[in-house]
S.K.: 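Before I ask anything, here is the structure I am working with.
A note on names: the letters A, B, ... follow the listed sequences, proteins ahead of strands, and every chain is numbered from 1. Everything numeric here is computed off the predicted structure, so don't read it as measured data.
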There are 2 protein chains.
Amino acid sequence: MSGELVYGGPLSERKKRILRSIIEAHIEMGEPIGSKYLVASAQIPFSSATIRNEMAELEEMGYLEQPHTSAGRIPTKLGYRFYVDSLMENYKLTAAEIVTLNNMIQSKIGELDTMIQTASKLVANLTNYTSVAIKASETETVRAFSYMILDEHKFLMVMQMNNESIKTKKVSADCMLDHSGMEALVSLFNKYCVNVVPDDIPYSTILKMESAMGERASLVNPAFKAFYESVASPSASNVKFEGVNKLLEYPEFSNVEQLKRVFSMIENKDDFLDMLSRSDSDKINVFIGDERESRFASNSAFIFRPLTVDGKVIGAIGVFGPSRMDYSKVISTVEYLSQKITGIIEGKALPESDDKR
Amino acid sequence: MSGELVYGGPLSERKKRILRSIIEAHIEMGEPIGSKYLVASAQIPFSSATIRNEMAELEEMGYLEQPHTSAGRIPTKLGYRFYVDSLMENYKLTAAEIVTLNNMIQSKIGELDTMIQTASKLVANLTNYTSVAIKASETETVRAFSYMILDEHKFLMVMQMNNESIKTKKVSADCMLDHSGMEALVSLFNKYCVNVVPDDIPYSTILKMESAMGERASLVNPAFKAFYESVASPSASNVKFEGVNKLLEYPEFSNVEQLKRVFSMIENKDDFLDMLSRSDSDKINVFIGDERESRFASNSAFIFRPLTVDGKVIGAIGVFGPSRMDYSKVISTVEYLSQKITGIIEGKALPESDDKR
DNA sequence: TTTTAGCACTCAAAACATTCAAGTGCTAAC
DNA sequence: GTTAGCACTTGAATGTTTTGAGTGCTAAAA
């Protein structure tokens with residue numbers, strides 16, 4: 001009653017084992033799993049009849065379902081959830097995989113954007129699902145303004161942002177530029193426009209700045225516009241996908257109706273930002289689609305890890321794919337890379353330098 | 001024999017009229033067009049038998065084909081080509097469409113990138129096909145270097161590029177920074193690194209710069225790295241798509257095999273750059289897919305207009321969709337927008353200001 | 001000579017029927 | 001509690017028939 005998900009009751013060890021085998025077999029093969037298959041291939045040392053009984057009960061409890069009477073069972077959303085939460089074993093990245101990841105990331109240290117995207121590409125390649133890179137929008141503010149005169153009528157507005165980045169914008173002026181005028185202008189901006197978003201600055205302040213500038217009042221407007229454009233719009237959140245065509249490989253996405261749903265989600269992006277905003281910021285999040293929820297394409301799952309710096313979410317990397325997904329491997333990979341990235345960002349440098357020595 | 005395409009011989013007026021009607025009906029309805037339909041709906045004042053004879057001849061000449069014996073005719077690649085080159089009437093944008101376009105573009109004057117992308121979005125919305133925005137890679141070089149000291153150990157390297165844009169990069173130094181040292185550094189860069197790509201600068205030059213800097217030699221390396229990173233990598237060509245899911249609406253793309261082809265083309269992007277590089281830079285280009293050419297998905301067409309400034313191709317906007325495309329409308333829209341954009345870029349300002357007065 | 005009415009023919013798609021096999025649930029025996 | 005065995009269900013695969021849109025050709029009409 002307390003959580004969002006209520007499991008159908010305690011499961012015997014045998015039930016867990018059967019459920020797990022079914023889910024893993026289904027993940028691998030993509031087809032409903034029947035009792036005989038479990039006896040023949042897998043490790044359940046009971047007869048098919050016994051397994052059938054157990055499966056019927058697991059179905060009653062909501063962990064499994066049958067596409068139709070004469071088919072095997074497939075996991076429900078609840079089944080996957082339980083699998084992810086309690087049944088699954090952690091996939092261990094192989095040494096080779098780790099080396100690849102480290103090398104690639106190492107070579108891209110620098111801009112946050114590029115790092116997130118490199119990581120995203122790596123995830124797509126390693127897991128063979130579509131990967132998602134999210135850069136969160138920041139309400140950035142300026143810490144300090146400065147300028148640089150380019151020619152008689154143009155100057156560069158330099159803004160040191162509070163998040164350590166620097167933005168510049170070229171500004172054209174009607175009047176001749178000189179240092180004293182620019183000093184005045186910049187100091188006004190440093191007085192009124194620091195640590196604040198443009199929309200919070202009342203128009204009266206702009207008028208005040210203009211009158212303070214005297215005969216150079218005409219500089220204020222273009223400069224403010226540059227400020228506005230640099231701070232307000234451009235760092236809108238963005239969501240980028242890598243390996244979208246990999247989705248087409250999976251039979252669950254091979255009918256056009258389903259594809260339309262998925263692609264409009266991908267093109268729209270809002271759903272992903274929404275999920276990020278409603279997520280736990282310090283661990284892997286797993287969204288699993290379901291027919292009942294309209295907001296998320298059924299048969300699909302989205303696994304992601306928010307990236308945080310000083311407790312603030314600055315982005316995320318993740319994977320989008322069929323709900324029949326190799327959760328174990330995906331989760332390990334995403335977890336590893338996100339750790340690595342936050343490590344690098346937070347300046348803890350590079351933990352194990354297996355490649356350098 | 002001279003051109004790439006050889007038409008099958010001269011066409012009588014009646015044949016042209018029939019061909020055109022078939023193509024336009026097919027574009028609209030997406031199905032093979034039969035003789036009866038032309039009699040019933042359209043404007044061909046002959047009996048179906050006559051039309052059948054003409055159609056048989058048009059097929060012989062290579063303009064039409066039959067999916068199977070008991071079906072109507074559909075245009076071949078040659079048919080479309082002939083239609084685009086000689087049959088089609090120019091679509092006239094409606095006043096409302098022009099107003100929308102102008103308003104949207106007007107409000108986005110500024111960065112070339114944003115303008116191209118805005119245009120691309122407009123095209124996608126107006127035509128209901130997937131639009132393509134290409135920004136060509138430029139081998140940019142720096143016209144002038146300058147600097148701005150941020151704090152004792154950091155400065156901002158400011159590079160005025162030859163294409164009027166400005167790039168900046170934050171550089172960290174080991175030693176204390178002062179203006180005289182920075183002046184020296186910058187003047188060295190202005191001597192050796194102007195109008196040239198970093199890869200063409202021999203290592204000996206770097207050594208020369210270091211020795212010229214004397215005890216501040218350690219500044220050269222990080223500064224050069226900043227130069228290298230700003231010039232070499234980041235402005236790689238990029239190709240962006242808008243409205244990809246619109247493709248799913250068209251029956252020719254509704255089977256998975258076809259979709260895989262198309263999406264891998266879209267994800268790969270190289271094909272588009274290739275087509276741009278082999279295009280006529282001062283007019284609309286129309287690529288029409290065909291089973292025989294492996295390099296381009298069949299059943300699809302790519303229409304685009306390179307954007308040039310001073311004779312140099314700086315990008316392109318275009319449309320990707322089924323070969324059964326509303327060429328007339330697409331071409332008019334793309335043409336109008338590309339004119340508008342090059343107009344704005346070349347500073348001819350804004351021709352008709354229907355909205356301002 | 002050009003156009004058209006008429007008809008036999010073709011063939012994909014739709015509709016319908018049949019077979020096949022995988023998988024189940026249940027009962028009775030172990 | 002477990003399992004062998006069997007009747008039953010049902011989607012998918014395969015085969016058959018029907019339907020209808022559209023053609024090409026011939027012979028008559030213009």
S.K.: Determine: side-chain N/O of B:S47 to OP1/OP2 of C:dT3, distance under 4.0 Å, yes or no.
M.R.: no
S.K.: With a non-hydrogen cut-off below 4.0 angstrom, is A:T50 in contact with a base, only sugar-phosphate, or nothing?
M.R.: base
S.K.: Separation of B:E31 atom CD from D:dG22 atom P, in whole Å?
M.R.: 9 Å
S.K.: Measure up the A:Y80 and A:H26 rings against each other and bin them: parallel (under 30°), tilted (30 to 60°), perpendicular (over 60°).
M.R.: tilted
S.K.: Give me the one residue out of B:E24, B:E252, B:E28 that meets salt bridge (charged side-chain N to carboxylate O under 4.0 Å, His left out) with B:R324.
M.R.: B:E252
S.K.: Between atom CZ in A:R52 and atom P in D:dC6, what is the gap in whole Å?
M.R.: 13 Å
S.K.: Expressed as a whole number of angstroms, how long is the span from B:I33:CD1 to D:dA21:P?
M.R.: 14 Å
S.K.: Does a salt bridge link A:E89 with A:R20, judged by any charged N lying under 4.0 Å from a carboxylate O?
M.R.: yes
S.K.: Is B:R14 near enough to C:dT3 that one of its side-chain N or O atoms lies under 4.0 angstrom from OP1 or OP2?
M.R.: yes
S.K.: Please give, in whole Å, the distance from C:dT3 C1' to B:K15 NZ?
M.R.: 14 Å
S.K.: Applying the ring-ring contact (aromatic ring centres under 6.0 Å, His included) criterion to B:F320, which one of B:F241, B:F287, B:F272 satisfies it?
M.R.: B:F272
S.K.: Mind calculating the distance between CG (B:L38) and C1' (D:dG22) to the nearest angstrom?
M.R.: 12 Å
S.K.: At under 4.0 Å between heavy atoms, what does A:S35 touch on the DNA or RNA strands: base, sugar-phosphate, or nothing?
M.R.: sugar-phosphate
S.K.: Does A:R73 contact C:dG25 through a side-chain donor or acceptor facing the base, at a distance under 3.5 Å?
M.R.: no
S.K.: Among C:dA12, D:dT23, C:dT3, which is the nearest nucleotide to the side chain of B:H68?
M.R.: C:dA12
S.K.: Rounded to the nearest angstrom, tell me the gap between atom CD1 in B:I44 and atom P in C:dT4.
M.R.: 12 Å
S.K.: Can you tell which of C:dG25, C:dT4, D:dT10 lies closest to the side chain of A:Q66?
M.R.: C:dG25
S.K.: Under 3.5 Å, is there any donor-acceptor pair linking the side chain of A:S70 to the base of D:dT10?
M.R.: yes
S.K.: Heavy-atom count around B:K15 NZ within 6.0 Å, excluding the residue itself: above 12?
M.R.: yes
S.K.: For the pair made of NE2 in A:H26 and P in C:dG23, what is the distance, rounded to whole Å?
M.R.: 14 Å
S.K.: For B:A49 and B:A71, take the nucleotide of DNA chain D holding the closest heavy atom to each; which residue's nucleotide lies nearer the 5' end?
M.R.: B:A71
S.K.: In this structure, how many angstroms lie between the P atom of D:dA4 and the CG atom of A:N53, rounded?
M.R.: 13 Å
